[in-house]
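Position 1 is the first residue of the sequence, and the numbers go up from there.
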Amino acid sequence: MTEPSAHPIAVVTGGTQGIGRAVAAALAGRDHRVFVLARRPAPLPPGVVYLTCDVTDRKSIDAAFAAIGRAAGRIDILVNNAGLAGADDLNDPHDTVWDRQIETNLNGAYRCTRAALPLIAAGGRIVFIASVLGLHAVPDQVAYVAAKHGVVGLARALAQVLAPRGITVNAICPGWVDTEMARQRHAELGITAQEAAAGVPTGVIAQPDEIAAMVLHLASPAARNITGQAIVIDGGSFA
């Protein structure tokens, strides 16, 4: 094991694009030593370390967190961001979409947290990137809605379990965010980004940096008593 770092140690799953990349960049900008876990490498901010990890593969998860343990010795903030969305096909006899969504969005978040916990001490922070669809539903994303409701429930339950250890756990529930995943969803719905924004009370689709800013707050000393919360960032759509 290397000498302990004087910088806070952050881990971001699914951190090579969209919200995850913005979170990794924001944490690195606040002097965190950041490890990004993803299936494929991509250009990352200076100083951010990439590790290959498939969150649907237990051995891959265990190997990634073992590597972090050897390199850094601890984790101060874990951001479970890896996820995917997509419309359902309830007539699929193989449950392809259901299995992929649950394995990635829910089981992956749980298993990464479990693998990280031996490295997280008092004062540690766990943040799940959930969705407003973890709090309400739409008719064509049954698997995604179920998975994200599970993520919110997981965060709330873990907050109670880990409070005696001084570890906070929260979920951030974004609405529309300007990411490739959102653009794919716009295409599924047959709408433009402007039409999506028109359905938001503020008329604004969030930028990934806005979600990252909330992660920074939850990682700060000012948020030490915020735990078990599902924090909505959706321009008032769920008000």
Side-chain angles (χ1 to χ4, degrees), residues 12-23 38-39 54-57 79-113 127-158 170-208 210-212 214-215 229-239:
V12 183
T13 71
T16 57
Q17 59 184 344
I19 292 172
R21 190 181 191 284
V23 169
R39 289 183 298 169
D54 180 350
V55 301
T56 69
D57 183 325
V79 182
N80 284 300
N81 168 75
L84 51 86
D88 293 302
D89 179 3
L90 296 182
N91 295 315
D92 177 8
H94 303 293
D95 299 327
T96 305
V97 172
W98 176 270
D99 288 346
R100 190 162 173 250
Q101 295 272 355
I102 298 299
E103 276 297 305
T104 303
N105 295 328
L106 179 56
N107 291 344
Y110 169 72
R111 290 170 183 152
C112 285
T113 302
V127 179
F128 293 90
I129 305 300
S131 168
V132 289
L133 295 186
L135 299 170
H136 68 100
V138 293
D140 68 332
Q141 292 201 88
V142 174
Y144 185 77
V145 168
K148 291 300 187 178
H149 271 70
V151 169
V152 171
L154 176 61
R156 288 171 168 163
L158 285 175
N170 292 285
I172 298 175
C173 299
W176 287 122
V177 182
D178 184 18
T179 64
E180 180 59 33
M181 184 183 293
R183 289 187 282 275
Q184 292 172 358
R185 179 63 177 154
H186 296 160
E188 286 179 355
L189 295 172
I191 62 174
T192 65
Q194 291 74 20
E195 289 169 330
V200 177
T202 61
V204 176
I205 290 178
Q207 293 299 311
E210 296 174 63
I211 313 305
M214 181 56 70
V215 173
Q229 302 305 304
I231 301 167
V232 177
I233 304 175
D234 71 345
S237 298
F238 191 56

Full working for side chain to side chain contact (heavy atoms under 4.5 Å, CB included) between H186 and I191: CA-CA 5 Å; H186 296 160; I191 62 174; 4.1 Å; yes

Worked check of side chain to side chain contact (heavy atoms under 4.5 Å, CB included) between L158 and F128: CA-CA 11 Å; L158 285 175; F128 293 90; 3.9 Å; yes

Criterion side chain to side chain contact (heavy atoms under 4.5 Å, CB included) on L84 and Q101, from CA distance to verdict: CA-CA 7 Å; L84 51 86; Q101 295 272 355; 3.5 Å; yes

Test side chain to side chain contact (heavy atoms under 4.5 Å, CB included) applied to Y144 and V138, step by step: CA-CA 10 Å; Y144 185 77; V138 293; over 6 Å; no

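Interatomic distance, CZ of F238 versus SG of C173, reported as 8.5 Å (0.5 Å rounding). Taking CD1 of I211 as the reference point, atom CD1 of I231 lies at 10.5 Å (rounded to 0.5 Å). Distance check: E210 CD to I172 CD1 gives 12.0 Å after rounding to the nearest 0.5 Å. From L106, atom CG reaches atom CG of N80 across 10.5 Å, with rounding to the nearest 0.5 Å. In this structure, Q141 CD and L133 CG are separated by 6.0 Å, a value rounded to the nearest 0.5 Å. Distance check, rounded to the nearest 0.5 Å: CD1 of I19 to CE of M214 gives 12.5 Å.
With hydrogens and angles disregarded, a donor-acceptor distance shorter than 3.5 Å links the side chain of N81 to the backbone of G14. Remark: side-chain polar atoms of N170 are not paired, donor with acceptor, to backbone N or O of A155 under 3.5 angstrom.
Closest of all the heavy-atom pairs between A82 and T13 is N-OG1, 2.9 Å. Considering every non-hydrogen atom in both D140 and R185, the closest pair reads OD1-NH2, 2.7 Å. Scanning all heavy atoms of the two residues, the minimum distance from V177 to I205 falls at C-CG2, 3.7 Å. Closest heavy-atom contact between V151 and A130: CG1-CB, 3.9 Å. Scanning all heavy atoms of the two residues, the minimum distance from A230 to L135 falls at CB-CD2, 4.2 Å. Closest of all the heavy-atom pairs between C112 and V55 is SG-CG1, 3.8 Å.
In this structure, D89 has no salt bridge (charged side-chain N to carboxylate O under 4.0 Å, His left out) partners at least two apart in sequence or on a different chain. Remark: T56 pairs with D54, E103, T104 by the side-chain contact (heavy atoms from CB on, under 4.5 Å) rule, at least two apart or across chains. By the salt bridge (charged side-chain N to carboxylate O under 4.0 Å, His left out) test, D234 is found to be paired with no residue, residues two or more places apart in sequence or in another chain being considered. Looking at residues two or more places apart in sequence or on another chain, you find no ring-ring contact (aromatic ring centres under 6.0 Å, His included) involving H149. For Q194, the side-chain contact (heavy atoms from CB on, under 4.5 Å) criterion is met by T192, not counting sequence neighbours.
R39 and D57 are not joined by a salt bridge, as no carboxylate oxygen comes within less than 4.0 angstrom of a charged side-chain nitrogen. Salt-bridge formation is not detected for the pair R100/D95: no Lys NZ or Arg NE/NH1/NH2 atom is positioned less than 4.0 Å from an Asp or Glu carboxylate oxygen.
Screening residues 88-111 for ring-ring contact (aromatic ring centres under 6.0 Å, His included) gives no qualifying pairs among residues at least two apart or on separate chains.
Residues V132 and P174 are not in side-chain contact: their nearest non-hydrogen atoms beyond the backbone lie 4.5 Å or more apart.
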